[in-house]
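Each chain gets a letter, A, B and so on, in the order the sequences are listed, and its residues count up from 1.
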There are 2 protein chains.
Amino acid sequence: MTAKDNKPQTRIQRKKHALILDAALDVFSTDGFRGATLDAIAARAEMSKPNLLYYFASKEAIHTALLSRLLANWLDPLITLNPSGDPLQEILSYVQRKLEMARDYPRESRLFAGEILRGAPHMGDALRSDLRRLVDEKATVIQGWIDQGRLAPHDPHHLIMSIWAQTQHYADFDIQVRAVLGDADWAGAEAHLKQLFTRMLTPT
Amino acid sequence: MTAKDNKPQTRIQRKKHALILDAALDVFSTDGFRGATLDAIAARAEMSKPNLLYYFASKEAIHTALLSRLLANWLDPLITLNPSGDPLQEILSYVQRKLEMARDYPRESRLFAGEILRGAPHMGDALRSDLRRLVDEKATVIQGWIDQGRLAPHDPHHLIMSIWAQTQHYADFDIQVRAVLGDADWAGAEAHLKQLFTRMLTPT
DNA sequence: TGGCAATTTGACCAACTGGTCAAACCCACG
DNA sequence: CGTGGGTTTGACCAGTTGGTCAAATTGCCA
């Protein structure tokens, strides 16, 4: 049995898989798919290039594995948006979770951003199916809250876009943020976004 | 006299320079710096690769030329923010101009985004000098408005970041936006951002 | 029109890079 | 032990790509 079957079996396979994916995340998120080289990934994972290709069929296979693992984590905070919770609190929690993810997983955020920026050649379908379905579902929830007068009126889809844009911005455009703020300011970002969305969404 | 001197002189040099930069913008914004090839740029500009290299010393020289030309245009809307104007109107105008730039110049926006995402290897210095100075200056103006009670209180630096994040998002993450909204919706985006910033900034 | 500089290009090269392969190595288990 | 599968790697290959160069072509102006 070769290691290229669907799921890793042995202990060592699981370990090497994880090691490779972590190294690849470093390299892909820094240099992009085209800029990344198998040699760089192999070096970061402290193994030879043929050894790396023993565990993954190709450069693209590594990239795809990373992205599919990523999408689930990425959708998770939105999934937990609770239709029976307090509207403003639910959205503020979502904003905060997204910001925490940007702070704690900047490599993942940048990998995702690079993929989208290039036209999502490896996950366009997932965006148009899974992501869209989830966003539509949650947009309906938000619209319901608005119709009940529990949130100030806004287009729910664009509201979700505003949340994504602003939270991910702090990870993806980190260099620009640091250039302007002088240094990272996650506490300031959190306070700012909380105030922004509170003023924006509190019904009058 | 060779064409690699600082400024193009002859009519044909100016024409070819512009032709190359336009082609390069297509390719760089679509494939990124590493993904772009001189062959692709030359093909798009309908000339041979050596001919292209007759006008620009290297691939990087083309990229740098694009970026430096870009930064000026990018800063322009913020420069025109008028300290003697009406605070809310000035900021809403700025938001609108930025959104129009994202709509009308998506290639430029994506080129910029790619550069920042990769850590700004070709324009980090410009960010830390020109950009930072301008942002600090305008942040002071905004803070003045807030101190006068003419705008609701927010951190001016983070406010500017919010504007950048949300306007550029519609260009840079276009594929994701289309996947979620079904299609581009610039009118909806404009209305949404206007409402968002109005509610956020109107003093209570 | 002649001649010189500007422009253009086919042919080429060296470095890089994704991927292959056969041989070597390790290691659990009989 | 030893043996057979899983694991590791040095050497290698072919395609791509940034860049060079000498020669050919074009365009301008005296």
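- Protein atom CG of B/Leu52 is 14 Å distant from nucleotide atom P of C/dG10, rounded to whole Å.
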Expected rows: protein N/O vs nucleotides 23-29 of chain D N/O, under 3.5 Å:
none

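- One finds no side-chain N or O of B/Asn51 lying less than 4.0 angstrom from the OP1 or OP2 phosphate oxygen of C/dT7.
- The pair B/Arg110-B/Asp172 does not count as a salt bridge, with every side-chain nitrogen at least 4.0 angstrom from each carboxylate oxygen.
- The six-membered or imidazole ring of B/His158 lies near that of A/Tyr170, with a centre-to-centre distance under 6.0 Å.
- Between the CZ atom of A/Arg14 and the P atom of D/dG6 there is a distance of 15 Å, rounded to whole Å.
- Put simply, the residue from B/Thr198, B/Asp86, B/Leu159 that forms a side chain to side chain contact (heavy atoms under 4.5 Å, CB included) with B/Ile91 is B/Leu159.
- Spacing between atom CZ of A/Phe28 and atom P of C/dT17 amounts to 13 Å, rounded to whole angstrom units.
- Distances shorter than 4.0 Å separate some side-chain N or O of B/Gln13 from OP1 or OP2 on C/dT7.
- Contact annotation: A/Lys16 does not reach the phosphate of D/dG6 (side-chain N/O to OP1 or OP2, under 4.0 Å).
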Using residues 41-50 of chain A as the side-chain source, report each donor-acceptor pair under 3.5 Å to any protein atom, sequence neighbours left out, with the distance given to one decimal.
residue: A/Arg44; atom: NH1; partner: A/Asp26; partner atom: OD2; Å: 3.3
residue: A/Ser48; atom: OG; partner: A/Asn51; partner atom: N; Å: 3.3

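- For the pair A/Phe56 CZ and D/dT8 C1', the interatomic distance rounds to 17 Å; values are reported in whole Å.
- As rounded to whole Å, 11 Å separates atom P of C/dT7 from atom CD1 of B/Ile20.
- Side-chain contact check for B/Ser109 and B/Gln168: no donor-acceptor pair (N or O, by modelled atom type) lies under 3.5 Å.
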Stepwise side chain to side chain contact (heavy atoms under 4.5 Å, CB included) check, B/His157 with B/Asp136: CA-CA 8 Å; B/His157 286 91; B/Asp136 281 346; 2.8 Å; yes
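- Distance A/Lys15 NZ to D/dT8 C1': 14 Å, rounded to the nearest Å.
- Of the candidate nucleotides C/dG19, D/dG19, C/dA11, C/dG19 has the atom lying nearest to any side-chain atom of A/Leu53.
- Phosphate proximity of D/dT20 to B/Tyr54: absent, as no side-chain N or O sits under 4.0 Å from OP1 or OP2.
- Contacts of residues 29-49 of chain B with DNA chain D (heavy atom under 4.0 Å): B/Ala36, B/Thr37, B/Leu38, B/Lys49.
- Relative ring orientation between A/Phe56 and A/His17 is described as tilted, the plane-to-plane angle lying within the 30° to 60° band.
- To the nearest angstrom, P of D/dT7 lies 14 Å from CG of A/Leu19.
- At a threshold of 4.5 Å between non-hydrogen side-chain atoms, the residues A/His122 and A/Glu60 count as touching.
- Between A/Leu53 and A/Ser58, the shortest heavy-atom contact is CD2-CA, 4.0 Å.
- Distances were taken from every side-chain heavy atom of B/Tyr55 (C-beta onward) to each of C/dT8, C/dT20, D/dT20; the shortest belongs to C/dT8.
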